[in-house]
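Take a look at the structure set out below.
Atoms considered below: every heavy atom in the structure, side chains included; atoms not considered: hydrogens, waters and symmetry mates. Ligands are counted one by one from 1 in listed order, and the atoms in each one are counted from 1 as well. FYI, the numbering just counts along the sequence from 1.
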Amino acid sequence: MQLRDLKRQYEALKTSMDEAILNTVSSGSYILGDAVERLERRLAHYVRAKHCLSCASGTDALRLALMAWDIQEGDAVFVPSFTFFASAEAIVLQGATPIFVDVERESYNIDPADLERKIAQVERGGQSNPRAIMAVDLFGRPADYPLLREIAMEHNLLLLEDGAQGFGGGIGNERNCSFGHIAAVSFFPAKPLGCYGDGGAVFTDNDDWAAKIQSLRIHGKGADKYHNVRIGLNSRLDAVQAAVLQVKMDAFERFEQKRTDAIAQRYTDALKEIVRCPVMPRGTRSAWAQYTIRIPQRDKAMRMLAERGIPTAVYYPVPLHRQPAFAHVGAGMECPVADSLCEEVLSLPIHPYLLQEEQDIVIDAIKTICNKL
Ligand SMILES: *Cc1c(COP(=O)(O)O)cnc(C)c1O
């Protein structure tokens with residue numbers, strides 16, 4: 001059993017995947033180009049954003065957004081402490097200061113109340129200039145965008161959605177990766193929509209930012225690529241990855257999402273009286289990048305599951321405000337909920353190709369273990 005079985009996915013999609021890859025290889029066009037533009041149009045249409053611009057990774061997608069907004073030294077960006085390292089790394093790479101915000105215990109997403117406290121602190125302190133909120137769709141669940149939009153508007157802040165784990169989720173009729181002024185997604189292989197290497201994309205409705213990101217991802221090109229008007233990156237998607245993503249997107253829309261939803265529901269029905277399961281408010285859909293529970297004596301439970309051949313993972317063992325790499329920027333910021341979640345969370349195997357027998361093995365093992373603990 002695997003947490004996320006990409007090999008099984010390949011075997012299921014092999015015929016169309018092999019054909020798509022070979023066709024691209026023989027096309028003679030390898031970076032950006034028609035195949036990538038077709039994918040960008042499809043993804044923009046799916047999330048209902050005006051523009052989709054692909055790039056080399058989710059981390060670069062975040063960087064491109066911050067660069068499009070000229071976020072730099074002296075600026076502050078609010079980011080949850082309970083997320084993957086790259087969310088805040090992108091801020092520090094721009095020379096800006098990440099302000100670590102605590103998360104909500106049940107949604108695992110940025111806590112609007114602590115966000116307002118931290119905004120007030122930065123506004124009072126006057127040391128850095130508050131510019132943006134980066135909200136993360138952690139484990140696939142959208143952050144509280146209706147409220148975050150109000151807070152952003154009230155404080156004149158830009159809203160960046162780190163939708164690296166969120167593709168496919170949503171609230172009501174709106175889809176993840178369409179909530180921020182700019183949203184970023186990652187196509188890292190294990191994300192809800194992954195390619196066969198690194199990849200990412202930026203979504204926005206804003207024409208000016210889209211044009212700027214178009215330039216930034218190709219060394220800050222001007223009218224042509226040997227006329228450079230700004231300092232940018234080399235950050236583009238390969239045609240082969242676009243071909244892979246087209247095949248994966250077909251499966252994602254046809255059946256993968258339905259299956260993952262059903263597995264999550266099955267876990268919740270079976271385990272909700274025993275451990276803390278994710279609860280989705282009505283109308284909110286997760287992309288189920290992870291199915292994360294909270295369980296007493298987590299480390300011991302994890303070992304006992306491993307002994308039964310069940311792989312699990314701790315996302316994340318260290319909150320960002322305690323990461324050594326952020327010691328110079330994050331000192332003194334308190335995020336007690338993030339601290340305690342790092343001790344309690346455990347992510348279970350979930351992916352569209354997880355067999356019913358395997359789901360039952362996971363469920364039974366957790367029931368047995370919780371009886372013993
Ligand atoms: C994976 C991830 C990223 C970075 O994406 P890469 O494609 O690996 O660079 C950023 N933020 C979050 C929340 C992620 O899970």
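Here Arg131 pairs with Asp75 under the salt bridge (charged side-chain N to carboxylate O under 4.0 Å, His left out) rule; sequence neighbours left out. Evaluation of the side-chain contact (heavy atoms from CB on, under 4.5 Å) rule for Ser186 yields Ala164, Phe188, Lys191 as partners, not counting sequence neighbours.
Checking Arg236, Lys50, Arg217 one by one against Glu40, the salt bridge (charged side-chain N to carboxylate O under 4.0 Å, His left out) holds for a single residue, Arg217.
In this structure, Tyr316 has its ring center no closer than 6.0 Å to that of Phe85.
Listed by first then second residue, pairs satisfying ring pair (Phe, Tyr, Trp, His ring centres under 6.0 Å) with a partner in residues 244-270 read Phe167-Phe252, Tyr267-Tyr291, not counting sequence neighbours.
Under the 30°/60° scheme for interplanar angles, the aromatic rings of His321 and Phe100 are found to be tilted.
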Dump all N/O pairs between ligand 1 and the protein below 3.5 Å as a table: atom names plus distance, one pair per row.
{"unit_1": "ligand 1", "atom_1": "5 (O)", "unit_2": "Ser186", "atom_2": "OG", "d": "3.4"}
{"unit_1": "ligand 1", "atom_1": "7 (O)", "unit_2": "Gly58", "atom_2": "N", "d": "2.7"}
{"unit_1": "ligand 1", "atom_1": "7 (O)", "unit_2": "Ser186", "atom_2": "OG", "d": "2.6"}
{"unit_1": "ligand 1", "atom_1": "9 (O)", "unit_2": "Gly58", "atom_2": "N", "d": "3.4"}
{"unit_1": "ligand 1", "atom_1": "9 (O)", "unit_2": "Thr59", "atom_2": "N", "d": "2.9"}
{"unit_1": "ligand 1", "atom_1": "9 (O)", "unit_2": "Thr59", "atom_2": "OG1", "d": "2.5"}
{"unit_1": "ligand 1", "atom_1": "11 (N)", "unit_2": "Asp162", "atom_2": "OD1", "d": "3.3"}
{"unit_1": "ligand 1", "atom_1": "11 (N)", "unit_2": "Asp162", "atom_2": "OD2", "d": "2.7"}
{"unit_1": "ligand 1", "atom_1": "15 (O)", "unit_2": "Gln165", "atom_2": "NE2", "d": "2.7"}
{"unit_1": "ligand 1", "atom_1": "15 (O)", "unit_2": "Lys191", "atom_2": "NZ", "d": "2.6"}

